Amino acid sequence: MTESAFWRATCMLNKLSSMSQLKQLQAIITKSGLHSHITFTTKFIFFSALSTMGNLSYAYSLFQQSSIVMNNPFICNTMLRAFSKSSFPFQALYIYNHMKNTNVVSDSFTYNFVLKACSRAYKFIQESGSCSCGDDELRVVSNKGAEIHCEVIKIGFENDHCVQSSLLYMYSQFGLVSVAHHLFDQIKDTSLVSWNIMISAYDRIDDYESADYLLESMPCKNVVSWNTLISRYIRLSNVEAARRVFSCMPERNAVSWNSMIAGCVSVKDYAGALELFSQMQNVGVKPTEVTLISVLGACAETGALDIGNKIHESLKVCEHKIEGYLGNALLNMYCKCGNLSLAWEIFNRMRMKTLSCWNAMIIGLAVHGYCEEAFKLFSEMEESLGSSIRPNQVTFIGVLVACSHKGLVDKARWYFDHMVKRYQISPDIKHYGCMVDLLSRHGLLEEAYRMIKTAPFQNSEVLWRTLLGACRTQANMELAKISFQQLAKFEQLTIGDYVLLSNIYAEAGRWDEVERLRNEMDYLNVPKEAGYSQIDMNESIKLS
DNA sequence: GTAGGGTTAG
């Protein structure tokens with residue numbers, strides 16, 4: 001090891017600006033025998049884990065290379081920090097356990113990151129929902145959080161401002177807002193951050209009175225306080241009120257824009273979202289990952305492949321990492337816009353895949369008729385159970401849609417059964433929808449009928465409507481009549497329902513019934529739905 | 001010899 005080689009490498013290290021450079025530098029220092037120098041490893045891991053050009057799974061593989069690396073407190077904190085804000089917060093908890101088990105020294109940073117990981121893990125379990133094991137998982141995470149809180153007090157970090165904020169945030173994510181408030185009251189000199197956390201905590205449990213009280217009492221407001229207010233209105237689908245706050249607030253940052261864009265997407269105002277996106281760039285606010293995720297969502301829903309492609313290109317140019325939410329948004333956009341080969345490319349390049357990635361790809365393949373590929377991917381997913389990925393209700397929609405596409409009745413029955421027996425997932429209306437559609441289109445009207453009758457839902461009109469549609473193609477007047485009567489029990493019958501039944505009668509030559517239905521329609525004044533379509537023109541969406 | 005943190009948006 002020569003000193004000049006060391007300095008040359010250090011100099012290159014400070015100018016590091018892409019993963020390819022990082023790998024080149026790695027090769028150089030390996031040759032010169034400097035590879036065991038912890039300074040280099042630290043920088044490599046830091047860059048890979050946290051840079052926008054990084055690669056988290058690569059960072060993790062570097063982390064695992066030796067016990068010297070794994071027992072370095074700064075490196076552990078770096079991995080903890082990266083996982084805590086990734087789509088894999090559970091990995092952060094593993095790192096924390098590893099630190100405890102091997103006596104790696106923890107500091108206030110460690111607690112800050114691991115508390116954040118608990119908050120995120122809790123949120124992820126909540127959002128994945130609907131599985132019966134979810135409650136146990138939530139309990140495990142909240143116990144872990146409380147345990148770490150005890151540790152914080154024991155070691156004496158409870159007066160650290162950032163740790164305090166992370167604790168407030170964690171308890172408010174757990175839904176324990178009163179616990180958070182109790183801690184807040186005990187803080188001697190509260191920071192603006194802690195006020196903002198409490199306000200959004202009350203907002204999230206819809207206690208606007210308490211939120212507004214805090215908002216009024218706080219010593220001064222900042223852009224985050226205003227953003228919290230924007231997101232309240234967005235959550236209430238009141239985009240106009242959000243817009244008013246947005247235009248009056250003294251200062252706007254990327255989050256303010258992101259909230260407005262996401263708000264438009266959530267009320268399906270995709271053109272509005274794209275308009276805000278271009279305004280944001282015009283006033284010189286740099287889009288963040290979150291901006292792109294929302295905009296890609298708008299592209300996916302409207303088929304604006306051009307804009308989606310442009311975003312992908314710009315990410316490639318600045319070598320931005322494609323993983324997590326962003327990777328999934330791109331994947332989803334390509335699937336929805338029908339470019340399956342680019343979707344595959346994104347999917348295969350993502351080293352650490354979330355459940356949403358698998359689901360988006362399986363559904364993408366299924367709806368575009370690549371059914372064998374969808375089944376194959378599902379099997380791969382089941383075989384990768386060691387990676388803690390397990391199919392959920394959305395995954396089964398994918399395989400059922402694939403069965404439906406190819407008319408594979410037996411296979412669909414098998415998946416339906418498999419979902420309940422192996423994964424304890426109770427089928428929802430969409431799974432029944434797939435089954436009823438498939439069965440009835442294959443002439444198994446009686447079986448479809450029995451299925452709807454035993455379905456545990458109140459709102460099964462969409463199922464009856466599917467059956468009614470199939471009764472027309474199968475010319476089954478008896479079941480058509482039953483379906484129509486069932487439909488009439490729900491809200492107002494649509495024009496489509498009348499047309500279907502009337503066509504069934506017409507085809508059977510029952511003109512008297514056709515006449516009766518027409519009169520009934522006029523008498524009840526059944527609303528007609530205007531048809532519309534969307535086209536992508538000069539990067540904006542037109543309705544026609 | 002030396003890095004790094006909490007809130008709002010998905």
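Residue numbers start from 1 in every chain, and the chains themselves are labelled A, B, ... in the order their sequence lines are given, proteins ahead of strands. Note that this is a predicted model, so its numbers are computed, not measured.
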Euclidean distance, atom CZ of residue A:R120 to atom C1' of B:dG5 [Å, nearest integer]: 16 Å
Length of the CG-P vector between A:L115 and B:dG6, whole Å: 12 Å
B:dG4 phosphate, OP1 or OP2, under 4.0 Å from A:R81 side-chain N/O: no
Minimum-distance nucleotide (side-chain atoms of A:I293 versus B:dG10, B:dA9, B:dG6): B:dG10
Proximal nucleotide (of B:dT7, B:dG5, B:dT8) relative to the A:F113 side chain: B:dG5
For atom CE of A:M260 and atom P of B:dG10, their distance in whole Å: 12 Å
Modelled atom types, side-chain donor and acceptor of A:N55 and A:Y60, under 3.5 Å: no
Distance below 4.0 Å between A:T42 side-chain N/O and B:dA3 OP1 or OP2: no
Distance-only donor-acceptor test, A:S165 side-chain atoms vs B:dG5 base atoms, 3.5 Å: no
Centroid separation A:F157 to A:Y111 less than 6.0 Å: yes
Candidates B:dG10, B:dA3, B:dG6 - which lies nearest the side chain of A:C162: B:dG6
Minimum-distance nucleotide (side-chain atoms of A:A262 versus B:dT8, B:dG10, B:dG5): B:dG10
No-H, no-angle donor-acceptor pair, A:S191 side chain to B:dG6 base, under 3.5 Å: yes
Aromatic-base stack, A:F109 on B:dG4, cutoff 5.5 Å, angle under 30: yes
SB check A:K310 A:E313 (cutoff 4.0 Å): no
For atom CG of A:L80 and atom C1' of B:dG5, their distance in whole Å: 11 Å
Salt bridge present between A:E151 and A:K100 (N-O < 4.0 angstrom): yes
From B:dT7, B:dG10, B:dG5, nucleotide with atom closest to A:Y169 side chain: B:dT7
Among B:dG10, B:dG4, B:dG6, the one nearest A:S294 by side-chain distance: B:dG10
Donor/acceptor link under 3.5 angstrom from A:D160 side chain onto base of B:dG5: yes
Listed nucleotide nearest any side-chain atom of A:H161, set B:dG6, B:dT8, B:dT7: B:dG6
Side chain of A:D107 (C-beta onward), nearest among B:dT8, B:dG4, B:dT7: B:dG4
5' precedence on DNA chain B between A:E289 and A:F46 (nearest-nucleotide basis): A:F46
Selection from B:dG5, B:dG6, B:dT8 that lies nearest to any side-chain heavy atom of A:V193: B:dG6
Listed nucleotide nearest any side-chain atom of A:F74, set B:dA3, B:dG6, B:dG10: B:dA3
Parallel, tilted or perpendicular: ring planes of A:F396 versus A:Y423, cut at 30 and 60 degrees: tilted
